[in-house]
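In this text, all values refer to a predicted model and were calculated from it rather than measured experimentally.
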Amino acid sequence: MPLPLGDPLALAVSPQLGYIRITAMPRWLLLLGMSALGILYSLTRVFGLMATANWSPRGIKRVRQSLYLRIYGWAMLIFVGCFSPFAFWCIFQRMAFLRQNRILLMIGFNRYVLLLVCAFMTLWIHCSKQAEIIGCLNRLLKCRRRLRRLMHTRKLRDSMDCLATKGHLLEVVVLLGSYLLSMSQPIQILKDDPEVRRNFMYACSLVFITVCQAILQLSLGMYTLALLFLGHLEHIFESSQKAGFWPNRQELYKGQQKWLALELWRLLHVHQQLLKLHRSICSLCAVQAVCFLGYVPLECMIHLFFTYFMKYSKFILRKYGRSFPLNYLAIAFLVGLFTNLLLVILPTYYSERRFNCTREIIKGGGLAFPSRITVKQLRHTMHYYGLYLKNVEHVYAVSACGLFKLNNALLFCIVGAILEYLMILIQFDKVLNQ
């Protein structure tokens, strides 16, 4: 029986279907992944990040734009821009420790002002470039349809509909879990701060800050999910090359050479579209990625230092006569933020590796062609293939606003910088509180 084309989360690769083994996903994992995906999709619409007329991500063949949600997105942008200064002023007036010295003021600036500015910029990008975002989604779905027509075996065609692998569902669940963990520390402030119960506007300002953080994270979550789907298509493209597309013949007839030239052009066009989509998606989320890469390391370093300060600093021991216990909600907050950062950097790095691997497979297949090519269409196609494979890495280079590439080296630099400045702060504390 055919697989349900309208529901890519229905089955996963691995009942019997001819010669193909298709194993149904565990129902609890399938429901969990579908629920997480549905929640993330709904939240993007609630916060004005997506103006789609489709009420559910399941079975979408073409994304339609909603005028009502576009107006709602602009209204959210105006609200965030107008309420942000008042929210910071309200928090600055009520949190007395922010006014004690410049260091604490800088910490508050990072936690609140930087986050508010990033949320406003994120909403501005989504409102002004909503047509481009929806266009990228429709191009993704179009590439899926084109790639399906190019699959020359039923196994490869069926694999196009098997998006609900354990790895993909796990990534969606981890993404939603990182959002929940990163909300733990703001919820703790709302629960423990006595000023929240006395001042309604102060409580609203804290909730507003939490919403701004969620807006930035959801925007990057859309980026992660788009790369997940793009990586699935590129994986199918790569599998089609490994499945033996290239002819194992010493000589091809003219009719076969013309057919092969046409198929190679179609295959190359799909690969170019996938590369353009990858670059377009990265450029749409580049500003948000830079903001998040600046926000998360500073937040991690500050929280780690405060955890050390309240537990081991001699200043706290002299003043209170005891150390404070570990704040596990703050640790959960850090884990959620850093996990979200990993889900931004690693999918970008692995998608680029997958594209490089696909180009190597195409190159190896091109070298396996018979040397005697008599049809000029195929000869010109092979020349274009060589030129394309030589320059594609430079033409489709991807970076975050032209500043740096999102790869493992950047991740190691971030971790190293956090630990280095944390050690400096700890040494300052030991010198000042001997």
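The minimum heavy-atom distance linking C127 with L77 is given by the pair SG-CB, 4.3 Å. Listed here is the closest heavy atom pair of L69 and M50: CD1-O, 4.1 Å. Across all their heavy atoms, L337 and Q217 have their closest contact at CD2-NE2, 3.9 Å. The two residues L343 and T224 come nearest to each other via the heavy atoms O-OG1, 2.7 Å. In this structure, A330 and Q188 approach most closely via the heavy-atom pair N-OE1, 4.4 Å. In terms of heavy atoms, Q213 sits closest to S182 at NE2-O, 3.1 Å.
Checking side-chain atoms of S178 against main-chain N and O of L175 turns up a donor-acceptor pair under 3.5 Å. One N or O on the side chain of N407 and one on the backbone of L410 form a donor-acceptor pair closer than 3.5 Å. With hydrogens and angles ignored, the 3.5 Å screen pairs a side-chain donor or acceptor of R45 with a backbone N or O of T52. Judged purely by atom type and a 3.5 angstrom limit, Y295 has no side-chain atom pairing as donor or acceptor with the backbone of L115. With Q130 contributing its side chain and L49 its backbone, the two residues share a donor-acceptor pair below 3.5 Å. Distance alone, capped at 3.5 Å, places no donor-acceptor pair between the N138 side chain and the R62 backbone.
No side-chain heavy atom of Y308 sits less than 4.5 Å from a side-chain heavy atom of L425. Put simply, the side chain of M310 does not reach to within 4.5 Å of the side chain of N327, judged on heavy atoms. Residues L227 and H278 are in side-chain contact: their nearest non-hydrogen atoms beyond the backbone lie under 4.5 Å apart. With contacts defined as side-chain heavy-atom distances shorter than 4.5 Å, the pair T122/F120 does not qualify. Contact annotation: the side chain of Y349 never approaches that of L406 to less than 4.5 Å [non-hydrogen atoms, C-beta and beyond]. Using a 4.5 Å cut-off on side-chain heavy atoms (C-beta onward), Y179 and L40 make contact. Side-chain atoms of L341 and I414, non-hydrogen and from C-beta on, do get closer than 4.5 Å to each other. Between S84 and F208, the closest side-chain pair of non-hydrogen atoms falls below 4.5 Å.
The neighbour count for W74 CH2, taken as heavy atoms of other residues, nucleotides or ligands under 6.0 Å away, is above 12. Within a 6.0 Å radius of OH in Y312, other residues, nucleotides and ligands contribute 12 heavy atoms or fewer.
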Next item on the list: Might you work through the side-chain contact (heavy atoms from CB on, under 4.5 Å) test for L137 and L141, ending with a clear yes or no?
Entry: CA-CA 6 Å; L137 293 176; L141 296 173; 5.7 Å; no

Note to self: For L181 and T339: C-alpha separation, side-chain torsions, deciding distance, then whether side-chain contact (heavy atoms from CB on, under 4.5 Å) applies.
What the structure shows: CA-CA 9 Å; L181 289 175; T339 302; 5.7 Å; no

Check: Would L225 and Y41 count as a side-chain contact (heavy atoms from CB on, under 4.5 Å) if you check the C-alpha gap in whole Å, the side-chain angles of each, and the deciding distance to 0.1 Å?
Finding: CA-CA 10 Å; L225 293 176; Y41 181 74; over 6 Å; no

Next item on the list: Start with the C-alpha gap between N408 and L346, add the side-chain angles, then the distance that decides, and say whether side-chain contact (heavy atoms from CB on, under 4.5 Å) holds.
Entry: CA-CA 7 Å; N408 285 358; L346 294 182; 3.4 Å; yes

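Atom SG of C90 sits about 11.0 Å away from atom CZ of F200, to the nearest 0.5 Å. Here F292 contributes atom CZ and C285 contributes atom SG; the two are 12.5 Å apart, rounded to the nearest 0.5 Å. For the atom pair CZ of F428 and CE of M423, the computed distance is 14.0 Å after rounding to the nearest 0.5 Å. The distance from atom CD1 of I133 to atom CE of M222, rounded to the nearest 0.5 Å, is 5.0 Å. Between atom SG of residue C136 and atom CG of residue L284 there is a gap of 5.0 Å, rounded to the nearest 0.5 Å. In this structure, the separation between CG on L123 and CG on L216 is 10.0 Å, given to the nearest 0.5 Å.
F83 and F79 have parallel rings, their planes meeting at less than 30° on a 0 to 90° scale where 60° marks the start of perpendicular. Aromatic ring orientation, H303 versus F333: tilted (interplanar angle from 30° to 60°).
Counted by atom type alone, T348 and Y223 present one or more donor-acceptor pairs between their side chains at under 3.5 Å. No side-chain N or O of Y72 forms a donor-acceptor pair with one of S66 less than 3.5 Å apart. Side-chain contact, R139 with Q273: no donor N or O sits under 3.5 Å from an acceptor N or O.
Figure legend: cation-pi geometry between R322 and F324, with NZ or CZ positioned under 6.0 Å from the six-membered ring centre and within 45° of its axis.
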